[in-house]
Amino acid sequence: MKDQIPFNKVIIPHPSIDILEDEGYEVVGGKLKIPLSFNVNGAQMYSRLFIDYVATKEEGSIYLVILSRPRKPLDFTGSGLRDTLLPYLLIYPECSGVLYVNVAAGSIQVIKLGRDDGESN
């Protein structure tokens with residue numbers, strides 16, 4: 001399932017935008033809801049993913065922005081990143097990566113998907 005990155009022209013102000021702009025990113029899209037459906041033995045099940053913003057830095061780069069949430073911290077391990085962020089990167093493989101913004105810490109983690117060429121074995 002690959003799709004073009006949609007853009008929501010409505011950008012709701014948030015302190016994270018200042019953090020992104022201070023690091024040279026430009027927020028070009030607002031919150032997105034990505035509806036998902038699964039067919040399990042003929043039964044439809046539904047879910048959704050959320051992207052908080054879409055941002056760019058260099059020409060042609062597009063980043064999906066995910067904001068940290070105190071009740072749902074991101075596990076910064078390989079398996080934690082896979083479990084949380086892989087769906088976004090598979091649905092939008094043309095994106096330049098995910099920007100994980102921790103507003104409380106004023107930090108941005110740039111997360112890109114790559115293949116392990118067996119060096120971790």
Side-chain angles (χ1 to χ4, degrees):
M1 179 176 142
K2 294 192 317 187
D3 207 351
Q4 296 285 329
I5 298 173
F7 285 88
N8 177 0
K9 294 180 181 176
V10 178
I11 300 171
I12 297 173
H14 187 272
S16 62
I17 294 176
D18 293 333
I19 296 169
L20 288 161
E21 289 176 347
D22 287 347
E23 292 297 322
Y25 294 97
E26 178 186 1
V27 175
V28 294
K31 190 169 187 117
L32 297 170
K33 180 170 78 173
I34 312 299
L36 303 171
S37 68
F38 301 90
N39 185 313
V40 181
N41 293 336
Q44 287 295 118
M45 297 179 171
Y46 300 94
S47 187
R48 56 194 170 265
L49 293 171
F50 291 95
I51 298 169
D52 293 301
Y53 294 103
V54 177
T56 185
K57 191 168 190 178
E58 300 90 20
E59 185 173 325
S61 68
I62 298 176
Y63 293 91
L64 309 176
V65 178
I66 307 293
L67 302 181
S68 66
R69 293 187 167 57
R71 294 186 317 173
K72 192 176 179 185
L74 181 60
D75 179 12
F76 274 93
T77 62
S79 60
L81 296 172
R82 176 201 64 211
D83 292 348
T84 304
L85 301 179
L86 188 59
Y88 297 98
L89 298 168
L90 291 178
I91 293 173
Y92 302 113
E94 74 279 5
C95 77
S96 302
V98 171
L99 302 175
Y100 185 77
V101 180
N102 183 330
V103 176
S107 66
I108 300 172
Q109 302 290 325
V110 182
I111 302 163
K112 298 181 178 188
L113 177 65
R115 292 190 104 158
D116 179 359
D117 295 330
E119 293 180 11
S120 66
N121 293 333

Exercise for review: Supply the atom-to-atom distance Asp75 CG to Arg82 CZ, rounded to the nearest 0.5 angstrom.
Suggested key: 10.0 Å
Study note, to complete from the structure: CD1 (Ile108) and CG (Leu99) are apart, to the nearest 0.5 Å, by 6.0 Å
Point to revise | Student check: side-chain heavy atoms of Ile62 and Phe7 closer than 4.5 Å | key: yes
Review point. Are Leu74 and Leu86 connected in a single hydrophobic cluster, I mean Ile/Leu/Val/Met/Phe/Trp/Tyr linked by side-chain heavy atoms less than 4.5 Å apart?
Key: yes
Side-chain donor-acceptor pairs of residues 35-45 under 3.5 Å, sequence neighbours excluded:
| unit_1 | atom_1 | unit_2 | atom_2 | d |
| --- | --- | --- | --- | --- |
| Asn39 | OD1 | Gly42 | N | 2.8 |
| Asn39 | ND2 | Gln44 | OE1 | 3.1 |

Exercise for review: Treat each ILVMFWY residue as a node, draw an edge where side-chain heavy atoms are under 4.5 Å apart, and state whether Phe76 and Ile66 are in one component.
Suggested key: yes
Check your understanding: Is Ile5 reachable from Leu20 through a run of hydrophobic residues whose side-chain heavy atoms are each under 4.5 Å from the next?
Key -> no
Practice item. Taking all heavy atoms of Ser96 and all of Gly60, pick out the closest pair and write down the distance. Key: OG-O, 4.5 Å
Review point. Cluster question for you: counting only ILVMFWY and a side-chain heavy-atom cut-off of under 4.5 Å, with indirect links fine, are Ile51 and Val27 together?
Key: no
Practice item. Would you check if the side chain of Ser61 reaches a backbone N or O of Thr56 as a donor-acceptor pair within less than 3.5 Å? Key: no
Review point. So, Lys57 side chain and Tyr63 main chain: donor-acceptor pair closer than 3.5 Å or not?
Key: no
Check your understanding: Going from SG on Cys95 to CG on Leu113, what distance comes out if it is rounded to the nearest 0.5 angstrom?
Key -> 8.5 Å
Check your understanding: So, the side chain of Arg69 versus the backbone of Leu67: is there a donor-acceptor pair under 3.5 Å, distance only?
Key -> yes
Exercise for review: State the CG-CD1 distance between Leu64 and Ile111, to the nearest 0.5 angstrom.
Suggested key: 11.0 Å
Exercise for review: Report yes or no: does Asn8 contribute a side-chain atom to a donor-acceptor pair with the main-chain N or O of Leu32 at less than 3.5 Å?
Suggested key: no
Practice item. Scan residues 98-107 for pairs that pass side-chain hydrogen bond (donor to acceptor under 3.5 Å, both in side chains), counting only residues two or more places apart or in two chains. Key: none
Check your understanding: For the atom pair CD (Glu23) and CG (Asp18), what is the distance rounded to the nearest 0.5 Å?
Key -> 12.0 Å
Practice item. Report the C-alpha separation of Lys31 and Ile12 in whole Å, then their side-chain angles, then the decisive distance to 0.1 Å, and conclude whether the side-chain contact (heavy atoms from CB on, under 4.5 Å) test is met. Key: CA-CA 8 Å; Lys31 190 169 187 117; Ile12 297 173; over 6 Å; no
Exercise for review: To the nearest 0.5 angstrom, please state how far the OH atom of Tyr53 sits from the CD1 atom of Ile17.
Suggested key: 4.0 Å
Check your understanding: Are Tyr88 and Leu90 co-members of a hydrophobic cluster defined by side-chain heavy atoms under 4.5 Å apart?
Key -> yes
**Study point:** Intermediate values then yes/no, side-chain contact (heavy atoms from CB on, under 4.5 Å), Val103 and His14
**Key:** CA-CA 9 Å; Val103 176; His14 187 272; 3.6 Å; yes
**Study point:** Any donor-acceptor N/O pair, Tyr25 side chain to Val54 backbone, under 3.5 Å
**Key:** no
